Amino acid sequence: MSEHEVKNLEEIFDARIARDEKIEPKDWMPEKYRQTHIRQISQHAHSEIVGMLPEGNWITRAPSLKRKVALLAKIQDEAGHGLYLYSACETLGVSREELYDQLHSGKAKYSSIFNYPTLTWADMGAIGWLVDGAAIINQVPLTTTSFGPYARAMVRVCKEESFHQRQGFQIMMTLAEGTPEQKEMAQDALNRWWFPSLMMLGPTDAASVHTEQSMKWKLKRKTNDELRQQFVDQTVPQAHMIGLTIPDPTLKFNEETKHYEFGELDWDEFWQVVKGHGPCNKDRISARVNAWNNGKWVRDAAMAYAEKHSPLTPEGGISKIQNNLKQAI
Ligand code: FAQ
């Protein structure tokens, strides 16, 4: 394609973005748009499935059958989110195997938040309330993102995330209303998850390398700092409502701006975790690799079954259809 033709296509593409049209997998798109989407959607997919691990740690120790059922359902939803996102990513011409390989080899990024340990049952409350809460704030704008498959996946994901957020908040509320020890457990979980949850929304706008271009492409609709402010404004009153204290002595409400002002975050800690040196990075990757290796026999069996029943193989569908036809005649 000549330079002139590419320029024309770029102009048409930019005009479609400006009109808020959805870009679909078979449409022409700039290579950088495609690569940026593969990067963000795959990181998002990896986050969903790695994100199952901290909560998976508590399934066998949930305090009641009801809590166990809800936690199981939530974790299963996260697996589903990973699958929608991997599928959306595959429409951009990258294979699932390549994506898994990037995760298992440690090349791919996934959300920093899932590299922290879950020490008590209250952490299940804190994750649902804060981590899913931050995820919703980040993901609601993504329901109107410019790439069609990503936007559509986000609609369902957001509906499920709101159930997750409520089940987490309900756990925190119950603990906060319980014995002094239970309230202390809830406060301790809030103390440990507050700052990582704020950092999960990404580096400051000044340090964010992708925001400017992603906003132009309407991949991102809000900047990292805007989302963080929204999260703080929404979450602080919820903590007050259940009698917990936000672990930030500098936090204060600004009557003029109507926003909470909060303290500086520990960005050194954030980058350490992103680079693989958080408390649980090694455990998370080795758990995923083990699950992949131990699941080989299941994938092989599923492939053998699919081949046997495929209409394209002689022993599968064709002979079955022939038999059915013979019986019908
Ligand atoms: N962790 O220029 P920016 C969930 C990287 S799902 C690790 O600002 P961008 C559900 C970033 O990739 C949670 N790395 O990047 C759930 C880039 O590196 P690169 C996941 C991070 O993309 C709940 C570099 O820093 N959600 O929680 C992080 O414009 C409970 C520069 O950053 C999504 O993925 C981080 N926190 O903005 C599941 C949502 N932040 O790629 C289970 C979709 C930044 O150049 C249990 N993603 N980095 O090597 C997004 O909205 C964006 O990608 C951001 C980052 C906002 C995360």
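Note that the structure is predicted; figures quoted are calculated from it, not measured. Indexing begins at 1, ligand by ligand and atom by atom, following the structure's order. Numbering starts at 1 and runs along the sequence shown.
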Check ligand 1 against D132 and write out every atom of the ligand that is under 4.0 Å from a heavy-atom position of the residue.
23 (C), 30 (C)
Considering heavy atoms of the protein only, find what lies nearest to atom 15 (O) of ligand 1 and give residue, atom and distance to 0.1 Å.
H210 CD2, 3.5 Å
Just by distance, no angles: are the side chains of N254 and H259 close enough, under 3.5 Å, to form a donor-acceptor pair?
no
Looking at ligand 1, does S214 have a heavy atom less than 4.0 Å from it?
no
Of I136, T36, N224, the one whose closest heavy atom lies nearest atom 56 (C) of ligand 1 is N224
Return the option from E78, Q165, Q43 holding the heavy atom at the smallest distance from atom 16 (C) of ligand 1.
E78
Taking 4.0 angstrom as the limit and counting only heavy atoms of K220, give me the atoms of ligand 1 inside it, by number and element.
8 (O), 9 (P), 29 (O), 37 (O)
Pair E48-H44, side-chain donor/acceptor within less than 3.5 Å
yes
Got a sec, which pairs hit salt bridge (Lys or Arg N to Asp or Glu O under 4.0 Å) with one end in residues 175-189, sequence neighbours left out?
D188-R192
Among non-hydrogen protein atoms, atom 5 (C) of ligand 1 lies closest to K109 CD, 4.0 Å
One thing to verify: whether D20 and R221 come together as a salt bridge, which I'm taking to mean a side-chain N less than 4.0 angstrom from a carboxylate O.
yes
If you measure every N/O of V209 against every N/O of ligand 1, is any gap under 3.5 Å?
yes
Determine whether the side chains of K222 and Q230 contain a donor N or O and an acceptor N or O closer than 3.5 Å.
yes
Could you tell me whether N138 and ligand 1 have an N or O pair separated by under 3.5 Å?
yes
If you link ILVMFWY side chains whenever their heavy atoms are less than 4.5 Å apart, which other residues fall into the same cluster as V140? By chain and number, please.
I136
Does R39 offer a backbone N or O that forms a donor-acceptor pair with the side chain of S42 under 3.5 Å?
yes
For atom 1 (N) of ligand 1, closest protein heavy-atom neighbour:
S112 N, 2.8 Å
Could you find the nearest protein heavy atom to atom 27 (O) of ligand 1 and give me its residue, atom name and distance?
M200 CE, 3.2 Å
Short side-chain to backbone donor-acceptor contact, R284 and Y116, under 3.5 Å:
yes
Can you list the atoms of ligand 1 that are under 4.0 Å from a heavy atom of Y110?
1 (N), 7 (C)
Among the heavy atoms of K74, does any lie under 4.0 Å from an atom of ligand 1?
yes
Atoms of ligand 1 under 4.0 Å from any heavy atom of G51, numbered from 1 in the order shown, are 42 (C), 46 (C)
The protein heavy atom nearest to atom 50 (C) of ligand 1 is Q40 NE2, 3.5 Å
Between Q102 and H46: side-chain donor-acceptor atoms closer than 3.5 Å:
no
